[in-house]
Structures are given as structure tokens and as C-alpha cells.
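Presented below is the structure to which this report refers.
Below, read A as the first sequence line, B as the second, and so on, with proteins coming before strands; counting in each chain starts at 1.
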There are 2 protein chains.
Amino acid sequence: MSREPFLPMLRELARCYQAFEAYSSAHIRSLGLTPSQFDIVATLGNTPGMSFKELGEKTLITKGTLTGVVDRLEAQKLVRRSASPEDGRSMIVRLAPAGERLYERVFTAHLVHMRQALGGLDAAQLAQIESTLRGLRETFAAIGGRKAVAK
Amino acid sequence: MSREPFLPMLRELARCYQAFEAYSSAHIRSLGLTPSQFDIVATLGNTPGMSFKELGEKTLITKGTLTGVVDRLEAQKLVRRSASPEDGRSMIVRLAPAGERLYERVFTAHLVHMRQALGGLDAAQLAQIESTLRGLRETFAAIGGRKAVAK
DNA sequence: CTAACATTGTTCGCATTAGGACTAATTTGC
DNA sequence: GCAAATTAGTCCTAATGCGAACAATGTTAG
């Protein structure tokens with residue numbers, strides 16, 4: 001029946017991602033942010049701001065979700081919205097001063113936390129893992145793209 | 001500043017998982033199920049049922065979430081709850097007849113869908129990916145376990 | 001130029017999602 | 001045996017998360 005040779009691999013992908021997520025997000029939450037909020041603050045750090053579209057692409061957060069997350073960050077005075085001077089449809093999001101301070105504090109702390117788990121991996125190991133993941137991602141992207149084009 | 005060599009790898013892990021999730025879940029939703037609901041139906045298929053605890057471990061869904069997901073599946077007559085004869089705290093969840101039929105239909109269709117993306121990978125490639133993922137997962141599990149013990 | 005088309009962000013409905021408080025039941029330590 | 005610590009599920013709150021519908025703006029084909 002289920003002699004699908006790729007099922008164990010998919011299972012391992014889900015478990016691996018979940019292990020990363022659990023390790024990372026527990027720390028993020030202990031710093032008073034949700035994983036999504038951290039993603040946004042970390043992405044906006046050291047930038048002049050960017051549109052919702054770009055922010056969504058970088059953080060993998062859907063636009064519908066992004067509106068709500070930015071709403072809550074804005075209510076905490078951590079980010080600011082401003083109209084784009086170039087495109088009347090577009091909004092620019094950037095860190096407010098309190099967001100800059102939070103970024104400095106939290107991003108550094110999180111790097112230390114992640115280094116505790118991953119510091120033992122050398123450049124060659126990291127490159128090998130990254131290469132394997134990219135290959136697998138492209139396998140999905142390829143079929144997804146093919147179907148999108150074929151519609 | 002951010003000369004953390006593992007950041008690109010983590011970025012790729014997130015993108016890879018997201019690509020898989022997007023590809024898989026779009027199909028699942030087209031079949032009328034959410035990803036979580038599919039996970040549960042697929043896990044329960046061809047089994048005599050299992051406890052919430054076991055079901056949660058297999059699907060990586062936390063207990064608080066599981067209650068709600070099972071509630072909705074039960075409302076659709078796809079699964080049934082019954083008290084465990086062995087442990088008075090425990091509930092057994094198993095597929096109802098409609099759930100069995102759904103399982104047959106949907107599980108097979110989803111395998112076909114996944115095979116379209118992954119059918120081109122041979123056993124050696126799959127083993128290599130799986131091995132890489134397991135190594136990375138154990139890196140996170142190791143530190144997580146160590147800290148849990150140290151508390 | 002202008003009507004069709006596409007894109008940007010918001011809103012809505014519905015379903016997770018994690019985590020913590022809570023109840024009931026079981027296991028453990030002494 | 002029995003009080004204390006654990007464990008299994010449920011309920012609650014706050015925050016995602018996705019797809020679809022929407023209004024406002026921009027782009028393009030004729």
C-alpha cells in the first residue's frame with residue numbers, strides 16, 4: 001500500500017522544521033514577541049523600511065496576516081506605516097525608535113541562543129545542509145511553477 | 001554584525017518547509033480538508049484508533065489544538081471519541097465509517113499529488129536528504145534536551 | 001484616451017496554533 | 001495505603017494563517 005519511498009523523508013522534514021521552530025520560538029516568546037513579530041522586527045532592522053509586499057516576501061507571511069501583525073506592532077509603537085511616495089497603493093513599514101531599540105536587544109540575544117544549538121556545525125556542514133534544502137525546495141517550486149504556468 | 005554562518009541555512013530550511021507546505025496544503029484544501037484535519041485522518045487510517053496523546057505525537061499537533069480539530073471532525077461524523085477502557089483519563093479517537101471512506105479517497109489522491117513532485121528522486125537521494133534532516137533535527141533536540149535536564 | 005486588466009493593502013470568515021489554567025484520574029514516594 | 005506529584009484532556013485567550021472578496025490605484029491594449 002503505502003510503499004511510497006518519499007514518505008519517511010517528508011516526515012523527517014516536518015519533524016526537523018518543528019524541532020527548529022520549537023527551539024527558536026520558545027526563546028522568542030520568552031523575549032515577549034511572537035515568532036511573526038520577531039520576523040518582522042528582524043527583517044526591518046537596519047533598513048529604511050519596505051512595502052508590505054516586500055516584507056511579506058521576506059518573512060513568508062501572507063498579506064492578509066501581515067496587516068494584522070503590523071497593526072499590533074504599530075499599536076505598541078514598534079513600527080510605523082507611511083504612504084509610499086512612488087505608488088499610491090503601497091505602504092512603507094519601518095521600525096519606530098522603540099522598535100530599533102528592541103531590534104538591537106532581541107536580535108543579538110536570539111543569535112546567541114541559536115549559536116548554542118548550531119555553533120558546532122562548521123562551514124562545510126552548513127553548506128551541505130543548505131545545498132540539500134535548496135535542492136528539495138526547488139523540486140517543489142519547479143512543479144508548482146509548472147502547474148501555475150500550465151493553468 | 002550578522003556574520004552568523006548558519007543564518008542562510010536556517011533561511012533555506014524555512015523556505016524549503018514553506019514550499020512543501022504550500023504545495024501540499026493547496027491540494028489538501030482542494031479536497032475539502034485543512035492540513036491538520038488531513039493529518040489526523042491519514043494518521044488514523046488503517047488503525048484501531050489511538051489516544052489523544054499518541055495522535056498528538058504522531059501529527060505534531062499540541063493537545064490544546066487537537067481538542068478543537070477533533071471536535072470539528074467529530075461534528076462532521078468523520079471520527080469518534082470513546083473512553084479508554086484502560087485509563088480513565090484517556091480518550092480513544094478512531095475513524096467513523098464516513099472517515100474511513102474519506103481516508104481511502106483522499107489519502108490515495110494525495111500520494112499521487114506528492115509523487116508528481118517527488119517521483120523523480122531515487123532512493124539514494126531520498127536517503128541523503130532524510131539523513132541530513134535527521135542530523136539537523138538531532139542538533140536541535142540535543143540542546144533542547146540538555147536544557148530541559150538542566151532546569 | 002479609455003476600458004479591461006493587474007496589483008496593493010484591508011477586511012472577513014473560518015480554522016488552527018501555542019501556552020497556561022483547570023479538572024479528573026493515575027502513579028509515585030514514603 | 002495515602003498524600004504529593006504526574007498525566008490526559010478540556011477550556012480559555014491572544015495571535016497567527018489562509019483564501020476570497022473588496023476598494024483604490026496603476027498599467028496596458030486598442
Report task. For each nucleotide in nucleotides 9-17 of chain D, reading 5' to 3', give B when a protein heavy atom comes within less than 4.0 Å of its base, S when such contact involves only the sugar-phosphate, and - otherwise. Result -> BBB---SBB

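A:Val112 is not connected to A:Phe20 by any chain of hydrophobic side-chain contacts under 4.5 Å among Ile, Leu, Val, Met, Phe, Trp and Tyr, and they are in different clusters.
Taking atom CG of A:Leu31 as the reference point, atom P of C:dG19 lies 14 Å away to the nearest angstrom. Summarising the geometry, the separation between CG on B:Leu33 and C1' on D:dG19 is reported as 16 Å, rounded to the nearest angstrom. Between the OH atom of A:Tyr23 and the C1' atom of C:dA18 there is a distance of 19 Å, rounded to whole Å. Put simply, CD on A:Glu86 is 18 Å from P on C:dT7, counting in whole angstrom units. Atom pair B:His27:NE2 and D:dC18:P shows a separation of 19 Å (rounding to whole Å applied).
Fit an axis to the five pairs at each end of the helix from C:dC1-D:dG30 to C:dC30-D:dG1 and the two axes sit 40° apart, to the nearest 10 degrees.
Contacts of A:Arg11 classified as salt bridge (charged side-chain N to carboxylate O under 4.0 Å, His left out), with partners at least two apart in sequence or in another chain: none. The side-chain contact (heavy atoms from CB on, under 4.5 Å) check on B:Glu12 picks up A:Glu130, A:Leu133, A:Arg134, A:Arg137, B:Arg15, with sequence neighbours excluded. Partners of A:Glu21 by salt bridge (charged side-chain N to carboxylate O under 4.0 Å, His left out), not counting sequence neighbours: none found.
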Report task. Mind running side-chain hydrogen bond (donor to acceptor under 3.5 Å, both in side chains) on B:Glu104 and B:Thr108 for me, showing each step along the way? Result -> CA-CA 6 Å; B:Glu104 296 295 343; B:Thr108 307; 5.1 Å; no

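Under the 30°/60° scheme for interplanar angles, the aromatic rings of B:His110 and B:Phe38 are found to stand perpendicular.
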Indicate every side-chain donor-acceptor pair of residues 75-84 of chain A with a distance under 3.5 Å to a residue at least two apart or in another chain.
unit_1	atom_1	unit_2	atom_2	d
A:Arg81	NH1	A:Asp71	OD1	3.0
A:Arg81	NH1	A:Glu74	OE1	2.6
A:Arg81	NH2	A:Asp71	OD1	2.9
A:Ser84	OG	A:Glu86	N	3.2
A:Ser84	OG	A:Asp87	N	3.2

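When side chains are defined from C-beta on, A:Val69 does not count as touching A:Thr34, because their heavy atoms never get closer than 4.5 Å.
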